[in-house]
Peer 1: 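Once you've had a glance at the structure underneath, I'll fire off some questions.
Worth saying up front: this structure is predicted, and the values here are computed from it rather than measured. First listed ligand is number 1; within each ligand, the first listed atom is number 1.
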Amino acid sequence: MEVLLQGLTQPEVPLKLLLFIDKRPQSREQIRQIRHHLQQLDGDHACSLDIIDISEQPYLVEHFRLVATPALIKIAPAPQQKLTGSDIIPQIEYWWPRWQNEVEAALELETKGQDPQNQAQCVQQSTHTSVAHSAELMQLSDEIFRLRQAKEELEAQLQFKDHIIAMLAHDLRNPLTAASIAVETLELGHHSAKKGMVTINSKLTAQLLNHAKNQIRAINRMITDILQAARGAGAELQIQPQGFKLQDLCAEVLANLGSKVLDKGQQVTSDLPQDLPLVYADPAQVRQVLVNLLDNAIKYTPEGGSIDLTALHRTTQKVQISIHDTGPGIPLENCDRIFEESFRLKRDHAKDGYGIGLALCQRIIRAHYGQIWVDSVPGEGSYFHFTLPVYR
Ligand code: ADP
């Protein structure tokens with residue numbers, strides 16, 4: 001136990017005292033007075049005084065079960081004794097002659113047939129070792145507790161990943177099936193044409209090709225999201241997912257909007273179906289997303305405008321939340337860029353903000369393997385959507 005070894009610097013002194021203090025300004029004066037007083041006291045046996053700052057040596061505080069400072073502890077000779085309170089000096093005065101006698105008695109008892117100097121050292125050494133041992137045990141049990149917690153967190157994260165992989169595999173199947181059907185229909189048409197049979201016309205061919213292309217784009221987008229989530233999720237955000245009722249969280253966040261909405265005379269409505277399945281997410285992080293999006297809706301929507309929050313069970317695997325406002329909307333070319341760190345539309349530079357709210361929302365939603373995006377008709381308003389996994 002390194003901390004203790006530093007403190008117990010004079011093992012040969014038979015009367016050994018520890019003074020526990022804290023960082024309050026008066027502590028220095030208390031140390032000075034106690035040290036001075038000890039120097040004035042008469043006695044055959046010298047004492048050593050080690051000063052211990054409780055904030056730096058918490059294990060010793062625990063070991064000696066201290067609840068207040070200053071505290072003076074006689075650790076040798078045995079038995080240990082604790083003096084606390086504002087009158088430590090008078091207490092030392094009282095106990096000093098008794099401590100001297102204790103040292104005398106301990107040395108006499110232990111020195112029968114042995115070298116006194118050597119015995120004094122033995123008494124010191126055993127006290128020293130037992131305190132060090134006990135503090136070390138406490139430190140180790142703290143370490144075990146922390147490791148156990150870390151293990152549980154890792155297990156939860158792994159379980160979350162399994163859940164998400166199953167969900168994404170399922171989600172990928174939809175566009176993949178749709179694209180395959182389109183391609184297979186085109187192939188059938190091609191074979192029929194070769195055999196001189198009735199075939200699909202060019203308009204339908206173009207539609208099927210377009211459909212297949214869109215589905216492949218959707219697959220590509222999903223894979224990009226997965227890769228970004230896998231890169232960013234674990235590294236930056238610690239997600240602690242659990243099953244919870246999203247509609248309750250939404251209702252709570254809406255109820256806390258308070259005066260901001262009233263000040264601007266805005267209408268806030270919501271549609272939160274009670275039969276929405278539980279979502280599997282980190283409630284604190286999702287709250288942050290809701291707060292950021294609603295704050296933006298209020299900030300960018302002019303006075304008298306309206307804001308609407310809806311929740312929708314979009315697929316068996318996902319719940320979608322949408323926040324609609326009647327603000328200025330987002331130009332199409334910036335719909336992706338507004339999620340970048342520090343990006344703000346020029347038109348909004350005069351408004352408060354740093355351009356980090358949406359970037360954070362995106363990080364959080366991606367860490368949940370969900371999606372976040374905006375649909376907007378410039379001049380008419382914006383729809384911010386995000387999805388979260390359903391809890392199973
Ligand atoms: P901030 O609001 O602090 O600037 P955000 O990251 O939350 O940062 O938003 C980035 C930019 O996106 C904003 O500066 C604004 O130009 C635009 N924006 C965000 N939400 C809305 C909204 N509801 N309506 C119109 N523009 C918005």
Peer 1: If we ignore hydrogens and angles and just use 3.5 Å, is the side chain of Lys213 paired with the main-chain N or O of Leu208 as donor and acceptor?
Peer 2: no
Peer 1: Between His385 and Asp375, do the side chains contain a donor N or O and an acceptor N or O under 3.5 Å apart?
Peer 2: yes
Peer 1: How far is atom 6 (O) of ligand 1 from the closest protein heavy atom, and which atom is that?
Peer 2: Leu358 N, 2.9 Å
Peer 1: Under a plain distance cut-off of 3.5 Å, with no hydrogens placed, do Glu29 and Gln33 share a side-chain donor-acceptor pair?
Peer 2: yes
Peer 1: Decide whether an N or O pair under 3.5 Å exists between Gly355 and ligand 1.
Peer 2: yes
Peer 1: If you take the nearest heavy atom of each of Lys299, Lys346, Arg347, which one is closest to atom 25 (C) of ligand 1?
Peer 2: Arg347
Peer 1: With under 30° as parallel and over 60° as perpendicular, where do the rings of Trp95 and Trp99 fit, or are they tilted in between?
Peer 2: parallel
Peer 1: Enumerate the atoms of ligand 1 whose separation from the nearest heavy atom of Ser382 is less than 4.0 angstrom.
Peer 2: 24 (N)
Peer 1: Which atoms of ligand 1 have any heavy atom of Ile338 under 4.0 Å away?
Peer 2: 10 (C), 12 (O)
Peer 1: Heavy-atom contacts with Leu345 under 4.0 Å: which atoms of ligand 1 show up? List them by number with element.
Peer 2: 14 (O), 16 (O)
Peer 1: For atom 14 (O) of ligand 1, which of the options Tyr300, Phe343, Tyr383 provides the nearest non-hydrogen atom?
Peer 2: Tyr300
Peer 1: Do me a favour and list the nearest non-hydrogen protein atom to atom 23 (N) of ligand 1 with residue, atom name and distance?
Peer 2: Asp325 OD2, 2.9 Å
Peer 1: Can you report which non-hydrogen protein atom sits closest to atom 7 (O) of ligand 1, along with the distance?
Peer 2: Asn296 ND2, 2.7 Å
Peer 1: Look at atom CZ of Arg314 and say whether more than 12 heavy atoms of other residues, nucleotides or ligands are closer to it than 6.0 Å.
Peer 2: yes
Peer 1: If you measure from each non-hydrogen atom of Ile356 to ligand 1, which part falls under 4.0 Å: side chain, backbone, both or neither?
Peer 2: backbone
Peer 1: In the protein, which heavy atom is nearest to atom 4 (O) of ligand 1, and how far is it?
Peer 2: Arg344 NE, 2.5 Å
Peer 1: Please work out whether any backbone atom (N, CA, C, O) or any side-chain heavy atom from C-beta onward of Ile330 is under 4.0 Å from ligand 1, and answer side chain, backbone, both or neither.
Peer 2: side chain
Peer 1: Okay, side chain of Lys23, backbone of Ile54: is any donor-acceptor separation there less than 3.5 Å?
Peer 2: no
Peer 1: Can you confirm if the NZ or CZ of Arg366 lies within 45° of the ring axis of Tyr369 and under 6.0 Å from the centre of its six-membered ring?
Peer 2: no
Peer 1: Using the salt bridge (Lys or Arg N to Asp or Glu O under 4.0 Å) rule, take Lys151 and Glu155 through it: C-alpha gap first, then chi angles, then the decisive distance, then the call.
Peer 2: CA-CA 6 Å; Lys151 177 177 162 262; Glu155 278 172 355; 3.6 Å; yes
Peer 1: Looking at atom 16 (O) of ligand 1, what's its closest protein heavy atom, distance included?
Peer 2: Asp348 OD2, 2.6 Å
Peer 1: Would Arg148 and Glu143 satisfy salt bridge (Lys or Arg N to Asp or Glu O under 4.0 Å), going step by step from the backbone distance to the final call?
Peer 2: CA-CA 9 Å; Arg148 205 170 275 151; Glu143 191 70 6; over 6 Å; no
Peer 1: Students often mix this up, so state it plainly: with edges at 30° and 60°, are the rings of Tyr383 and His324 parallel, tilted or perpendicular?
Peer 2: parallel
Peer 1: Does Gly327 come within less than 4.0 angstrom of ligand 1, counting non-hydrogen atoms of the residue?
Peer 2: no
Peer 1: Answer yes or no: does an N/O atom from Gly329 fall short of 3.5 Å to an N/O atom of ligand 1?
Peer 2: no
